[in-house]
Amino acid sequence: MQAVVLRAFGEPENLKPEVVPDPTPDRGEVLLRVEACGVCFHDVINRRGNLPRTRVPAILGHEAAGEVVALGEGVDGWAVGDRAATLQRLSCGECSYCQAGRRSLCKRDARFFGEEIPGGYAAYMTAPVAGLGRVPHGLPWEVAATTCCTTGTAVHCVRTRGRVTAGETVLITGATGGVGLQAVQLARHDGARVLAVTSSEEKTSALRAAGAHEVIVAPDLRFAPEVRRRTGGDGAQVAIEIVGSLTFAETLRALAPGGRLVVVGNLKTASVELNPGLVIVKELEILGAYATTFSELEEAFRLVASNTIRPWVSEVLPLSDAARAHDRLEKRRVAGRLVLAPAH
Ligand SMILES: [Zn+2]
Ligand SMILES: [Zn+2]
């Protein structure tokens with residue numbers, strides 16, 4: 001089959017189209033004919049070699065969707081012809097975290113597509129059914145593939161972790177990315193006032209189209225004074241931090257007393273300095289947000305299929321263009337998600 005294989009960590013050019021043997025599904029797995037796979041900044045971090053669990057050669061991609069074409073042994077509830085999309089990672093379904101509905105904290109089976117198990121930059125992939133959601137009929141494949149990690153992640157960080165309620169002000173950094181444009185729409189849909197931060201003027205129209213009430217252009221990433229000015233001096237009650245280390249300190253400064261900071265992205269995989277005094281005096285909450293659960297994915301599909309939230313696929317490229325897609329994403333030339341589609 002056709003696949004994009006990463007044989008050495010490094011530059012985008014290291015993502016090379018190859019012909020490799022077709023995979024066969026093991027016990028508890030199905031074989032998917034991949035119709036689309038989203039390109040996420042997580043893949044860029046993975047390609048650079050900054051995710052400790054990935055071994056090369058690797059097939060990246062955790063945002064895959066396609067049709068079930070074969071079943072391994074012991075697979076219940078799935079049939080050939082079903083439409084499926086991957087969650088980012090697996091979970092055991094039995095441990096105390098899984099039982100409590102917090103599957104992204106499961107340690108018994110924490111395998112991530114595109115890391116320990118081959119991902120969706122391929123014409124076919126095997127997928128344990130513990131990592132699959134059902135795609136509603138009629139949803140285009142490129143939307144099906146990217147809903148989990150964009151809209152689903154927005155559900156996880158805006159609702160589950162951020163507990164955003166109507167009337168609150170929500171600051172969103174990195175707002176023009178795949179997650180950002182969904183978080184903007186969802187927070188607005190849930191009744192919040194949305195302040196979106198971007199580093200470039202040319203991306204403001206996407207943010208306005210997504211429904212941001214305020215768009216702050218901050219090429220120098222100094223946006224806290226502007227956030228305070230636009231919130232009557234208070235600051236934001238919730239911040240969705242998608243950029244990570246580059247904006248973390250500024251986002252903390254932009255929070256109102258009692259504010260909640262939801263950290264969901266760290267593009268540079270770098271550390272930050274934190275003055276505990278600021279957290280103490282303002283009684284801030286710092287909350288991590290990781291991956292998407294089954295119920296969040298179902299909710300994300302409902303939001304997208306009902307046109308409540310607009311999916312934001314900027315372009316569908318042939319699978320062999322994976323390197324070009326990574327290059328564009330790294331140079332921040334993308335609003336929304338790029339998607340790769342294998343030829344069948
Ligand atoms: Zn992703
Ligand atoms: Zn578990």
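In each ligand, atom 1 is the first atom listed, and ligand 1 is the first ligand listed.
Both Leu15 and Ile45 are assigned to one and the same hydrophobic cluster, defined by single-linkage of ILVMFWY side chains at heavy-atom distances under 4.5 Å.
Vertex the Zn ion (ligand 2); arms to Cys92 atom SG and Cys106 atom SG; angle 100° (nearest 10°).
Between His42 and Phe112, the ring planes lie parallel to each other; the angle is under 30°, not in the 30° to 60° tilted range.
The distance from the Zn ion (ligand 1) to the nearest N/O/S atom of Asp43 is not under 2.8 Å. Among the backbone and side-chain atoms of Cys40, an N/O/S atom is found under 2.8 Å from the Zn ion (ligand 1). When distances to the Zn ion (ligand 1) are checked against a cut-off of 2.8 Å, Cys149 contributes an N, O or S atom below that limit.
Ion pair Arg159/Glu299 flagged as a salt bridge, since at least one NZ, NE, NH1 or NH2 atom sits closer than 4.0 Å to an Asp/Glu carboxylate oxygen.
Residues Ser295 and Glu298 have side chains that never bring a donor and an acceptor to within less than 3.5 angstrom of each other. For Glu241 and Thr173, the side-chain atoms include at least one donor-acceptor pair closer than 3.5 Å.
Closest approach between the Zn ion (ligand 1) and any N/O/S atom of Glu63 involves OE2.
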